[in-house]
Amino acid sequence: MISAIAALMIISLGLKDEWANLWVFSGSASAIVAYTLSYFLIEKKPQRSNTRIVVIATLIALLSHWLCWFEFILFDMYTDVDQTTSPQDLIYALGGALSLSFFSLMFLGWTSIPISIYLGFKLKKKPNT
């Protein structure tokens with residue numbers, strides 16, 4: 001939800017119509033990555049160390065950026081009626097998402113890493129005593 005709100009704030013700066021759905025991609029990518037990684041790498045493990053939470057929260061922030069841009073590129077590729085897509089385009093989309101995520105992380109995206117770590121600790125379940 002935080003990612004979607006941040007993307008809405010960026011879109012409100014008056015970006016073009018192509019960017020109007022960025023908040024959807026940002027929110028869905030964050031939700032997918034956060035749920036998957038936290039479920040399999042934190043919740044399923046009996047020991048929830050602070051180091052594990054920091055590493056997983058950092059991975060969540062980094063991978064959700066990549067997935068957001070990958071979704072953005074795929075949506076743009078498959079909604080453009082003038083363009084035919086090939087399997088080779090998907091390979092280019094993987095690399096394009098990597099470069100876009102690196103670019104966005106350099107500017108304001110890096111703030112998602114400490115926010116993700118904070119939320120990881122905030123949502124950490126207390127062990128049953």
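Heads up: numbering here begins at 1 and tracks the sequence.
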Closest approach of [X] and [Y], non-hydrogen atoms and distance?
X	Y	answer
S101	S104	O-OG, 3.1 Å
I32	E71	CD1-OE2, 4.1 Å
A97	F70	CB-N, 3.5 Å

> For the side chain of W66 and the backbone of L94, is there at least one donor-acceptor N/O pair under 3.5 Å apart?
Replying inline: yes
> What residues form a side-chain contact (heavy atoms from CB on, under 4.5 Å) with L100, not counting sequence neighbours?
Replying inline: W69, I73
>> Grouping I, L, V, M, F, W and Y whenever their side-chain heavy atoms are under 4.5 Å apart, do V33 and Y35 come out in a common cluster?
In response: no
> Is F40 reachable from L63 through a run of I, L, V, M, F, W or Y residues, each pair having side-chain heavy atoms under 4.5 Å apart?
Replying inline: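 In one cluster: no.
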>> According to ring pair (Phe, Tyr, Trp, His ring centres under 6.0 Å), who are the partners of Y118, at least two apart in sequence or on a separate chain?
In response: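 With sequence neighbours excluded, Y118 shows a ring pair (Phe, Tyr, Trp, His ring centres under 6.0 Å) to no residue whatsoever.
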Please tabulate, for side-chain N and O atoms in residues 54-62, each donor-acceptor pair with protein atoms closer than 3.5 Å (sequence neighbours left out).
from: T58; atom 1: OG1; to: V54; atom 2: O; distance (Å): 2.8

> Hey, what do you get for OG (S30) to NE2 (H65), rounding to the nearest 0.5 Å?
Replying inline: 8.0 Å
